[in-house]
2 protein chains.
Amino acid sequence: MSLDTERDRFIEDNGLLFERLGVTRMSGRILGYLMVTDKEKVSFSEMTEALQASKSSISTNLKMLLQIGFVKPLTIPGERKTYYMLSPEMDWKAYFSERLEMIGIMNNMFKKGLTLRSSTKDNAAQWLREASEFYDFIIEEFPAMLKRWEEKSKTT
Amino acid sequence: MSLDTERDRFIEDNGLLFERLGVTRMSGRILGYLMVTDKEKVSFSEMTEALQASKSSISTNLKMLLQIGFVKPLTIPGERKTYYMLSPEMDWKAYFSERLEMIGIMNNMFKKGLTLRSSTKDNAAQWLREASEFYDFIIEEFPAMLKRWEEKSKTT
DNA sequence: CGTTTTGTTCAGTCTTGACCGAACCAAAAA
DNA sequence: TTTTTGGTTCGGTCAAGACTGAACAAAACG
């Protein structure tokens, strides 16, 4: 298999993975491209070219990736265009903390459900309490875990 | 606000939440209904009635919830129908472990990407390495965290 | 046996939203 | 000023998949 088709395959696979994760296929392709391209920085038009996608799709999805912090813009004096690269300052800790918010929302549903029940002793109430206790635990432990990461990565 | 519309609101909200999480709205409604109903067990037809949904939709989504382990079937001697309830043996630990697999798949992409690169020293390679190290860390730490939960919940 | 109850499955519909093309805009260049 | 470049935005299209309804099974009942 040629190197390029293997990379192309990787890019498409990443698109499909992102789709499974609930994000757009195109954002996965953009990130996949940035992961395997040999260019140290990539312009907007190079993306539309490489991925054979419309400017609007690249624009929208690239903006999302910038927003999340996966990708960083890079401008050069005397050059009009903006280049893009995988963000060297990517903060995985912050990213995961954000994702943790969904856990919190789910937990709120459990607690809310509990307040809506007539009985607080039957099976459903018990179930909700256990669910909420587990989520409480996760929400409590996760920051400590991320802190351990901080310590560990600081030493390298 | 009447109690029932508040519960109905909760059920719909749970549907919308599940949708955000990438599962079907209907599965969220079913689970939401089981969370707030006062019945200790609910039959198939009660669900179609309560949620005003088709038998096929209930059938499909209920099967999914049974599969994940959120819901448990309950049969009664001398009765034809199957009843359903929030599973008293719900294993949150196992559930979270399953979800962790997505992290593993993402991590594999990072590692795969790294092998496809010409250079292992440039920014993208560095980015991939850091990403993978972080995911390695999570995958390594999570089981210990779940074990702590085990210990903690065992004492109650 | 038929009939009724309980649920599954499958073809079709309808909605959502990702993506495209074209119009548009801002800034630099000419 | 006019033109070119780089990118955004907006309306429309198209595909995926969630949900429906109807046809189908299986098992209990009469």
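Lettering follows sequence order; numbering is per chain, from 1.
In B/Q67, the CD atom is not crowded: 12 or fewer heavy atoms of neighbouring residues, nucleotides or ligands sit closer than 6.0 Å. Residue A/R20 places its CZ atom among 12 or fewer non-hydrogen atoms of other residues, nucleotides or ligands, all under 6.0 Å distant. Applying the 6.0 Å contact sphere to NZ of B/K111 captures more than 12 heavy atoms from other residues, nucleotides or ligands.
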B/S/- contact track for nucleotides 22-30 of chain C, protein heavy atom under 4.0 Å:
-----BBS-
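By the salt bridge (Lys or Arg N to Asp or Glu O under 4.0 Å) test, B/K72 pairs with B/E89, sequence neighbours left out.
Within residues 19-38 of chain B, the residues having any heavy atom under 4.0 Å from DNA chain D are, by residue number, B/T24, B/R25, B/M26.
Looking at A/E141 and B/K152, no side-chain N of the basic residue comes within less than 4.0 Å of a carboxylate O on the acidic one, giving no salt bridge. Between B/K39 and A/D122 there is no salt bridge, since no side-chain N of the basic residue sits under 4.0 Å from a carboxylate O of the acidic one. Remark: B/D38 engages B/R7 in a salt bridge, criterion side-chain N to carboxylate O under 4.0 Å.
In this structure, CD of A/E49 is placed 14 Å from P of C/dC20, rounded to the nearest angstrom. The interatomic distance linking B/Y84 (OH) with C/dT6 (P) rounds to 12 Å, in whole Å. Per the geometry, CG belonging to A/N61 stands 15 Å off C1' belonging to D/dG7, to the nearest Å. A/K63 has its NZ atom 15 Å from the C1' atom of C/dA18, to the nearest Å. Between A/L51 atom CG and C/dC19 atom P the separation is 11 Å, expressed in whole Å. Here the C1' atom of nucleotide C/dT6 and the CD1 atom of B/I58 are 14 Å apart, to the nearest Å. We find that CG of B/L62 is positioned 15 Å from P of C/dT6, with the value rounded to whole Å. As rounded to whole Å, 17 Å separates atom C1' of C/dG7 from atom CE of B/M64.
Among the protein residues, B/S43 comes within range of no part of the nucleic acid, since none of its heavy atoms lies under 4.0 Å from any strand.
At D/dA18, none of the side-chain N or O atoms of B/S57 fall inside 4.0 Å of OP1 or OP2 (strictly under the cut-off). Of the side-chain N and O atoms in A/S45, none sit less than 4.0 angstrom from OP1 or OP2 of D/dG6.
The closest side-chain heavy-atom distance from A/M109 to B/F18 is not below 4.5 Å.
Checked options A/L62, A/L65, A/I58; the residue passing with A/Y84 is A/L62 (criterion: side-chain contact (heavy atoms from CB on, under 4.5 Å)).
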